[in-house]
**Student:** 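Once you've had a glance at the structure underneath, I'll fire off some questions.
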2 protein chains.
Amino acid sequence: MLKIGQLATQAKVSRDTLRFYEKHGLITPTNRNVAGYRLYSDSDIHRISFILSAKEVGFTLNEIHQLLELEVTKDQKSCEDVKQFVDTKIAIVNQRLAEIKRIKKSLQTLSNACCGGDEPATHCTILEALGDQANQA
Amino acid sequence: MLKIGQLATQAKVSRDTLRFYEKHGLITPTNRNVAGYRLYSDSDIHRISFILSAKEVGFTLNEIHQLLELEVTKDQKSCEDVKQFVDTKIAIVNQRLAEIKRIKKSLQTLSNACCGGDEPATHCTILEALGDQANQA
DNA sequence: GTTGACACTAGACTATACTCCAAGGTTTAT
DNA sequence: ATAAACCTTGGAGTATAGTCTAGTGTCAAC
């Protein structure tokens with residue numbers, strides 16, 4: 001069981017952020033000690049890890065909350081509902097995946113075009129690197 | 001040449017957003033007509049498309065501004081600087097790519113585990129779907 | 001047994017990214 | 001030629017996601 005400061009250090013977020021997430025229903029410590037200190041278990045660690053990953057790739061806290069709520073409300077929701085909701089999210093993730101690949105390609109084209117030497121980067125622009133790809137978005 | 005409303009419709013953002021981006025140095029219309037109306041060219045369209053893609057995958061407007069500024073300041077910056085900056089961004093993009101793949105996998109596992117019928121989604125939870133992957137983040 | 005590091009709550013403050021409104025000028029279709 | 005639909009600026013307001021402060025309590029080590 002980790003105290004809030006320990007989890008914060010491990011997850012590289014602030015204590016305040018953890019308390020903020022708790023206030024918004026994203027994560028609740030498994031236990032509290034006698035003094036009221038939050039105590040986090042392994043599953044809490046997994047949970048915060050998921051939250052941070054999802055946030056990193058552009059989900060809002062609200063969306064993440066919905067995803068995590070599937071756990072809590074699993075008995076009330078029918079499989080059909082869950083599947084539909086998740087499939088919608090998969091579509092979003094796929095789109096995001098395509099966009100991140102496009103950006104990666106642009107950045108890599110840019111990096112390759114750049115000599116890496118001392119000459120001015122006259123031909124090094126993101127938009128040049130994007131080229132015709134830009135038309136597809 | 002498109003007027004602001006036409007570009008807004010095409011790019012699926014509001015006029016206000018375009019003016020907001022302009023105020024923050026992300027995009028400037030190529031021309032203005034006599035009355036002061038903004039007129040956007042094809043390259044402006046590419047530019048807004050890049051901005052929206054980059055934003056979608058988690059870059060802040062500030063970071064996007066830096067990426068786009070490579071174009072403006074290209075003559076002052078050495079290739080070496082540009083390459084280094086871009087390579088840093090590529091590393092971030094790669095990390096984001098890994099995380100989005102992880103989330104996609106979780107969502108897909110979840111979707112597959114769900115029957116898609118009328119039974120309660122008792123075993124359908126994101127965190128169960130995440131499984132051991134959660135340890136790696 | 002006290003000091004320093006850490007914990008608690010409640011609430012104010014901040015940054016980012018819009019979004020809306022007011023008061024006016026322009027363009028387009030009838 | 002006039003009304004609807006569009007454009008302009010400036011500034012206020014909102015949502016999201018923290019971040020900080022104040023005042024207080026707890027714990028671990030010396």
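Here is how names work: the chains are called A, B, and so on, in the same order as the sequence lines, proteins then strands, and each is numbered from 1.
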**Student:** Salt-bridge test for Glu22(A) and Arg32(A): reply yes if a basic N is under 4.0 Å from a carboxylate O, no otherwise.
**Tutor:** yes

**Student:** Shortest non-hydrogen contact from Ala54(A) to Ile103(B)?
**Tutor:** CA-CD1, 3.2 Å

**Student:** Counting distance only, does the side-chain N/O of Arg47(A) pair as donor-acceptor with the main-chain N or O of Leu26(A) below 3.5 Å?
**Tutor:** yes

**Student:** For the helix from dG1(C)-dC30(D) to dT30(C)-dA1(D), how many degrees between its two end axes (five pairs per end), to the nearest 10°?
**Tutor:** 20°

**Student:** Kindly compute the distance separating CG (Asp44(A)) from CZ (Arg38(A)), expressed to the nearest 0.5 Å.
**Tutor:** 11.5 Å

**Student:** Write down the protein N/O and nucleotide N/O pairs, taken from nucleotides 8-10 of chain D, whose separation is under 3.5 Å; answer none if there are no such pairs.
**Tutor:**
residue: dT8(D); atom: OP1; partner: Arg38(B); partner atom: N; Å: 2.8
residue: dT8(D); atom: OP1; partner: Arg38(B); partner atom: NH1; Å: 2.8
residue: dT8(D); atom: OP2; partner: Arg19(B); partner atom: NH1; Å: 2.7
residue: dT8(D); atom: OP2; partner: Arg38(B); partner atom: NH1; Å: 3.2
residue: dT8(D); atom: O5'; partner: Arg38(B); partner atom: NH1; Å: 3.4
residue: dT9(D); atom: OP1; partner: Arg32(B); partner atom: NH1; Å: 3.3
residue: dT9(D); atom: OP1; partner: Arg32(B); partner atom: NH2; Å: 3.4
residue: dT9(D); atom: OP2; partner: Arg38(B); partner atom: NH1; Å: 2.9
residue: dT9(D); atom: OP2; partner: Arg38(B); partner atom: NH2; Å: 2.7

**Student:** Should Tyr21(A) be listed as having a side-chain N or O under 4.0 Å from OP1 or OP2 of dA17(D)?
**Tutor:** no

**Student:** Rounding to an integer number of Å, can you tell me how far Asn62(B) CG sits from dA17(D) P?
**Tutor:** 19 Å

**Student:** Between CD of Gln10(B) and CD of Gln6(B), what distance do you get to the nearest 0.5 Å?
**Tutor:** 9.0 Å

**Student:** Measure from NE2 on His24(B) to P on dT16(C) and round the result to the nearest Å.
**Tutor:** 10 Å

**Student:** Can you check the Glu63(A) CD to dA17(D) C1' distance for me, whole Å?
**Tutor:** 14 Å

**Student:** Which value, rounded to the nearest 0.5 Å, describes the distance between Phe20(B) atom CZ and Leu61(B) atom CG?
**Tutor:** 6.0 Å

**Student:** To the nearest Å, give me how far apart CD (Gln6(A)) and P (dC27(D)) are.
**Tutor:** 14 Å

**Student:** Tell me: NZ of Lys3(A) to C1' of dC6(C), nearest whole Å?
**Tutor:** 7 Å

**Student:** Please determine, for the side chain of Arg15(A), which listed nucleotide (dT16(C), dA7(C), dT27(C)) has the closest atom?
**Tutor:** dA7(C)

**Student:** Less than 4.0 Å between a side-chain N and a carboxylate O, is that true for Asp16(A) and Arg19(A)?
**Tutor:** yes

**Student:** How long is the line joining NZ of Lys23(A) and C1' of dA17(D), in whole Å?
**Tutor:** 11 Å

**Student:** Do Ser111(B) side-chain atoms and Leu107(B) backbone N/O form a donor-acceptor pair below 3.5 Å?
**Tutor:** no

**Student:** Any side-chain N or O of Ser14(A) under 4.0 Å from OP1/OP2 of dG18(D)?
**Tutor:** no

**Student:** Roughly, in whole Å, what's the span from CD in Glu56(B) to C1' in dA17(C)?
**Tutor:** 15 Å

**Student:** Given atom CG of Leu18(A) and atom C1' of dC6(C), what is their separation to the nearest angstrom?
**Tutor:** 14 Å

**Student:** Would you give the length of the straight line joining atom CD1 of Ile27(B) to atom CG of Leu7(B), rounded to the nearest 0.5 angstrom?
**Tutor:** 6.0 Å

**Student:** Taking the minimum atom-to-atom distance to the side chain of Asn33(A), which one of dC27(D), dC7(D), dA17(C) wins?
**Tutor:** dC27(D)

**Student:** Determine: side-chain N/O of Lys55(B) to OP1/OP2 of dC18(C), distance under 4.0 Å, yes or no.
**Tutor:** yes

